[in-house]
Amino acid sequence: MLGKLFSKYKIEETWELFTESIGTLKLNKMRTGLAMLGIIIGIGSVIALVSLGQASQQAVQSRIQSLAAGGGTTLTNEDAKAIENSTQVTTVKNVSAEYSGRLQVVTGDSNTNTTIIGATPIYTLIHNLAVSFGSFISERDLVSMTRVAVLGPSVVEDLYGDSTYDPSGQTIRINGQNFIVVGVTETKGGSGMQSQDDRVYVPLTTAQKQLFGVNYLSSIAVEANNAEVMDQAVNEIGYLLLSRHNLSDPSKADFRIMNQEDILSTATEISGTFTSLLSGVAAISLLVGGIGIMNIMLVTVTERTREIGLRKALGAKKKTIVTQFLTESVILTFVGGIIGIILGIVISYLYAKINSSSFVITLNPIILAFVVSVAIGIIFGWYPAKRAANLQPIEALRYE
């Protein structure tokens, strides 16, 4: 029975302490808001940056099984067929023969200079490309050398003023020749000449014979069976091409093989480093926010000196005073942390939506944000709380 009464008393005392702390913070809403601002910005920045970093790394890793062989003017359609069909190459799943160059594309009064890619139907699988309207290049288009084109969203916007417009069935002119638009690709992102949205795809045979007048390839993209056989795939393809080009010395190879795993590994590392750097900046913001809270609490101690003196004169213990001020500090950082987490998630979502990228939120950064926000409240609230508790009642009551 005594235990129940004691427990009930402790709960009531804790609730009274909590409501009193809330009431005190409400007395000066402007000061409370400014005290939380640093925590909100810091926590929000950490959540957003970690989310963006994880999304970029996920996007990088999703393309880890790609290889590419390039050779200026030395690679041919037969080389691509040999890689696909040779018994020497046992680690390859898909092969895409490609030719690319830049040409002027015109429709009506609009025009744009963009990358033209001669592709085959397998291109979409190897390059993770999807079509939002219409269809992609077909096998029949290759055989018949038809003049059809699939546009990237940026090209659609340049030509028609709206990247969401479906121009399927419309006629465009590429290098003075009429092409029928049969599809539009989904947004992939990128910038400048590397943008995967600023491209026009045509049948490889049409690109080679009718647009560029060449009988070679600019590159051969290859998808390995899995990430573990990437090095083996590089060696098998390399030896096959050396043999086909009548070369015995690898140092004199007239082609080069780029392993996307190495490139993407470097990109992932750079992305991780950049995320860590920006997270460090966000951590500094948290530190500044903590110092701001400490300063606010010190000002509060000064303003409430007479109140503290009166409470101590009436028998309040040091522990009670410390707990009161620590509670106020933790409430500030805890609420600021929650708002910061929500802000960080919203920013990450909007960024992903605007840039058509992945939206990735994991539990660990959120848990860390909660822990950090409470820890900041305790660490930076401790000194003001101790200072309040150590005030002498008589001196405090005399304070003006």
Side-chain angles (χ1 to χ4, degrees), residues 66 68-71 73 75-85 92-108 110-160 163-188 195-223:
S66 295
T73 62
L75 293 176
T76 64
N77 293 49
E78 288 69 30
D79 286 332
K81 290 176 182 177
I83 294 172
E84 186 175 10
N85 301 319
V92 166
K93 185 189 298 183
N94 293 308
V95 179
S96 171
E98 302 164 10
Y99 186 87
S100 63
R102 292 188 72 84
L103 290 173
Q104 199 76 8
V105 180
V106 180
T107 182
S110 303
N111 69 88
T112 182
N113 186 277
T114 188
T115 300
I116 310 296
I117 295 182
T120 61
I122 203 70
Y123 185 98
T124 55
L125 287 177
I126 291 184
H127 293 279
N128 241 350
L129 191 67
V131 176
S132 58
F133 298 115
S135 59
F136 197 69
I137 308 301
S138 68
E139 198 64 42
R140 187 175 67 178
D141 294 328
L142 287 176
V143 174
S144 304
M145 283 193 288
T146 55
R147 294 179 183 176
V148 294
V150 179
L151 310 184
S154 294
V155 177
V156 174
E157 184 170 10
D158 290 340
L159 295 180
Y160 300 99
S163 62
T164 62
Y165 174 69
D166 179 10
S168 298
Q170 301 286 336
T171 300
I172 60 173
R173 293 180 66 80
I174 305 176
N175 203 30
Q177 300 183 52
N178 288 337
F179 279 72
I180 301 297
V181 178
V182 295
V184 178
T185 61
E186 288 186 356
T187 300
K188 291 276 285 184
S195 174
Q196 298 186 66
D197 297 338
D198 188 19
R199 293 176 179 177
V200 173
Y201 303 90
V202 300
L204 175 62
T205 49
T206 305
Q208 288 178 310
K209 304 300 181 185
Q210 299 184 35
L211 288 179
F212 296 99
V214 299
N215 58 3
Y216 57 85
L217 302 172
S218 57
S219 64
I220 301 173
V222 179
E223 183 182 7

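Keep in mind that what you see is a predicted model, and the values were worked out from it rather than measured.
The aromatic rings of Y99 and F212 lie tilted to each other, with the angle between the two planes from 30° to 60°.
Remark: the backbone N or O of L142 is paired with a side-chain donor or acceptor of T205 at under 3.5 angstrom. Checked by atom type and distance alone, the side chain of S132 pairs as donor or acceptor with a backbone atom of V184 at under 3.5 Å. No side-chain donor-acceptor contact under 3.5 Å links T107 to the backbone of I172.
To the nearest 0.5 Å, atoms CG (L151) and OG1 (T185) are separated by 8.0 Å. One distance of note links OG1 of T206 with CD1 of I116; it measures 12.0 Å at 0.5 Å rounding. With rounding to the nearest 0.5 angstrom, the CZ atom of R147 is 4.0 Å from the CD atom of Q177. Atom CD1 of I122 and atom CG of N94 lie 4.0 Å apart (nearest 0.5 Å). Rounded to the nearest 0.5 angstrom, E78 CD and I83 CD1 are separated by 12.0 Å. A distance of 9.5 Å separates CG in L103 from OG1 in T114, rounded to the nearest 0.5 Å.
Residues A80 and V95 share a closest heavy-atom pair of O-CG1, 3.6 Å. For the pair S138 and P121, the tightest heavy-atom approach, listed with the atom from each and the gap, is C-CG, 3.7 Å.
The shortest side-chain heavy-atom distance between D198 and T115 does not fall under the 4.5 Å cut-off. Looking at E157 and D197, their side chains never come closer than 4.5 Å, going by heavy atoms from C-beta outward.
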